[in-house]
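This report concerns only the one structure given below.
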Amino acid sequence: MSMPPITGSHAKLIAQPTVDLHTTRKPKIAGNSKPELLDFPEELMNKILNSVHPSASAAFSMASRKSHDLCEKIYQNMKKDPDLDKKYEGKYPYLHLIAKPSLQEAIDDYNQQINKYRFLNHFEFEDDLSNKDLWGKINKVVEEFDWKKVDKKIEFYTFCLSFNKLAENAARALGNLANNSDNQQAIVEAGAIAPLVKLVRSGTDDQKVNAAEALGALANDNRDNQNKIAKAGAIEPLVELVRSEIDAQKRKRSTTAERALENLAYNNPDNQKVIMEKLVKLLTDGTDIQKDNADTALLFLGEENPDNQKAIVEAGASKPYVELVKNGTDAQKEMAANSLMHLAANNLANQNAIVEAGAIKPLIELLENGTDNQKDFAAGALGNLSVGNLAANNLANQNAIAKAGAIEPLIKVLRDGRDFLNPTIALRALAANNPDNRKAIMGKLVTSLMDETNNQKENVAMALGDLAEHNPDNQNAIFEAGAIDPLVVISKNGTPYQKENAARALGALASNNPDIKRAIREAGAIEPLMDLFLFGTVQQKEYVYKAIKNL
């Protein structure tokens, strides 16, 4: 061995446990316990009730024996009052180390573990070691004793969760092991869930982060573990991490909690309901910072996850989101519009709930007066509210949005904005299978094509190409609105980007439409298109090739 043995008088292995940290007052015992339970000196009582300090000294052995005696007395009292198990559960953290069906079995198993790790008494662990260095030294000793097998490491790391100087690194180690599905069950059977939940609830920042990460890894794609973790009370402290206003590591903590909540909610309707209700309550009643954190968490949980999106809306998120769009800070308005955009995607029930919450008018106001990002997300939300689901459009919402005056500001955002994608998608959604909306939209776009500045013409030409692509109804509406002549003029005399977008639009309009093909030829498009093909940029040549092929 590279580390020398030491005498008991110098041996100090681990600091006090993480549970009930900084508690100095004498813990209370349930009123129906026997009076003799209070006869121990206060110092010893605190040691027992805060879990035994696993020192290598003689004091440790004495405390362990007295702790066992005390628990024996509690066990006798439990025969008279079975509910004592719940009453003492929080006062004796070491009883959570192993998931045993009875108090006595837990006591026995705890003492077996103490004996198992007594070999650590023979090694020196200096008082001033950092948590990281202490962890490295202990693991080196463990490996010397052939504890390299995963199952033994899991048992040891779980035992270490109850001790302050070891808990942070033990939780991290268990989290890493839990990323392997084969280890998940072993970690749960070792009793790790309860102490990990306690760390998330009352540990240091780093302990909370690592414990949340470990719980998330244990819950990953494992329904049994999801339920066990939820039953152990993990959801509340994980949501508390989301709501935390502590500046230090705030984003790291929130992100870790979000991932854990996502894994707990995955394909688990019961957990989804509880998690979303708590986050929506925070979104409704929290401070500005807490609302921001809740919105970030809900957006993370709902992104590309239809089950979570449904659960979020069913938990009542529509109204607080609409309220934030109307009266929130600039950041909240942007995030709320973004969240409504995601929640409305391909979900008819969500769309109807959002509209019933009064979303259309404030989203249009955001289109008219918001920042660039706010306008972009508002456009995306209105577009998704119009689409219905993958199989159909939402005609009622299309008409309500158009009637509320959305078309003009959508076109203005498209013309003037730095990002025309969401406005274009919204206009396409409003026009789908809706002749009245389609006529109004294409007419306004073609007017803009003739009257606006260079940059605006460029954006409108690109939007017309997008709208015409593989859509005969839109092709005909654009043609009937008179788009061919101005597009041909732009292909001759426009800026390089205008020419490129005009060529693309002409090609999309001509696709599989004989009447429009003939009109484009008659408008004199072939000559400017051939000039672009011979002398234009690579992208211009690509679009011209497709256009001529369609003509």
Side-chain angles (χ1 to χ4, degrees), residues 341 344-346 348 351 379-399 401-402 406-408 410-411 413-415 419-450 457-488 490-491 498 500-521 523 525 529 539 542-551:
M341 178 179 72
N346 298 317
L348 189 60
Q351 291 164 8
L382 290 167
N384 284 346
L385 288 171
S386 305
V387 155
N389 54 44
L390 292 174
N393 299 294
N394 192 323
L395 185 61
N397 285 356
Q398 285 176 338
N399 291 335
I401 291 167
I407 292 175
E408 187 65 47
L410 279 170
I411 291 176
V413 171
L414 185 153
R415 287 195 319 249
D419 189 345
F420 58 86
L421 180 60
N422 279 347
T424 303
I425 292 172
L427 291 169
R428 182 191 294 126
L430 286 169
N433 297 320
N434 193 314
D436 292 336
N437 284 358
R438 189 184 307 119
K439 182 178 179 181
I441 290 167
M442 305 313 169
K444 291 179 184 296
L445 284 173
V446 172
T447 299
S448 296
L449 191 65
M450 294 185 284
K457 287 180 180 179
E458 177 186 312
N459 288 352
V460 172
M462 180 170 282
L464 288 171
D466 286 342
L467 292 167
E469 195 85 37
H470 307 303
N471 192 314
D473 290 335
N474 286 353
Q475 289 171 352
N476 289 327
I478 293 167
F479 171 58
E480 290 168 4
I484 303 300
D485 286 341
L487 284 172
V488 172
I490 290 172
S491 70
Q498 287 175 356
E500 179 179 306
N501 292 339
R504 177 172 176 265
L506 289 168
L509 286 166
S511 178
N512 298 315
N513 195 313
D515 292 337
I516 296 178
K517 286 181 185 180
R518 183 169 56 254
I520 292 173
R521 290 196 195 98
L529 289 175
Q539 189 66 70
E542 181 181 334
Y543 287 142
V544 169
Y545 174 77
K546 291 179 181 178
I548 293 176
K549 186 178 178 183
N550 286 339
L551 290 170

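What you see is a predicted model; the values in this text were computed from it and never measured.
We find the CG-CG distance between Leu506 and Leu464 to be 10.0 Å, quoted to the nearest 0.5 Å. With values rounded to the nearest 0.5 angstrom, Leu427 atom CG is found 10.0 Å from Leu382 atom CG. Distance check: Ile411 CD1 to Leu445 CG gives 4.0 Å after rounding to the nearest 0.5 Å. A distance of 9.5 Å separates CD1 in Ile520 from NZ in Lys517, rounded to the nearest 0.5 Å.
Nearest heavy-atom pair across Ile478 and Ala468 is CD1-CB, 4.0 Å. Between Ala505 and Ala461, the closest heavy-atom pair is CB-O, 3.8 Å. Between Ala477 and Met442, the shortest heavy-atom contact is CB-CG, 3.6 Å. Between Ala503 and Ala547, the shortest heavy-atom distance links the atoms O-CB, 3.7 Å. Counting all heavy atoms, side chain and backbone alike, Ala502 lies closest to Ser491 at CB-N, 4.1 Å. When every heavy atom of Arg428 is checked against every heavy atom of Asp466, the shortest pair comes out as NH2-O, 3.3 Å.
Of the candidates Asn459, Ile490, Asp485, Ile490 is the only one forming a side-chain contact (heavy atoms from CB on, under 4.5 Å) with Leu449.
Salt-bridge annotation for Asp515 and Arg518: present, with a side-chain N of the basic residue lying under 4.0 Å from a carboxylate O of the acidic one. Using a 4.0 Å cut-off between charged side-chain N and carboxylate O, Arg504 and Glu500 make no salt bridge.
In this structure a side-chain-to-backbone donor-acceptor pair under 3.5 Å is missing from Glu458 to Asn501. Asn422 places no side-chain N or O within donor-acceptor distance of the main-chain N or O of Ala379, the cut-off being under 3.5 Å. No donor-acceptor pair closer than 3.5 Å links the side chain of Ser511 to the backbone N or O of Gly507.
Of the N and O atoms on the side chains of Asn476 and Asn513, at least one donor lies less than 3.5 Å from an acceptor on the other residue. Side-chain contact check for Asn394 and Gln351: at least one donor-acceptor pair (N or O, by modelled atom type) lies under 3.5 Å.
Residues Val460 and Lys457 are not in side-chain contact: their nearest non-hydrogen atoms beyond the backbone lie 4.5 Å or more apart. Two residues are said to be in side-chain contact when any heavy atoms from C-beta on lie closer than 4.5 Å; Leu395 and Asn433 fail this criterion. Side-chain contact check for Ile425 versus Leu421: some heavy-atom pair is nearer than 4.5 Å. When side chains are defined from C-beta on, Asn550 does not count as touching Asn512, because their heavy atoms never get closer than 4.5 Å. Two residues are said to be in side-chain contact when any heavy atoms from C-beta on lie closer than 4.5 Å; Leu467 and Asn471 fail this criterion.
When the shell of 6.0 Å around NZ of Lys546 is examined, it contains 12 or fewer heavy atoms from other residues, nucleotides or ligands.
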Asn437/Asn399 under side chain to side chain contact (heavy atoms under 4.5 Å, CB included): CA gap, chis, key distance, verdict
CA-CA 8 Å; Asn437 284 358; Asn399 291 335; 4.3 Å; yes
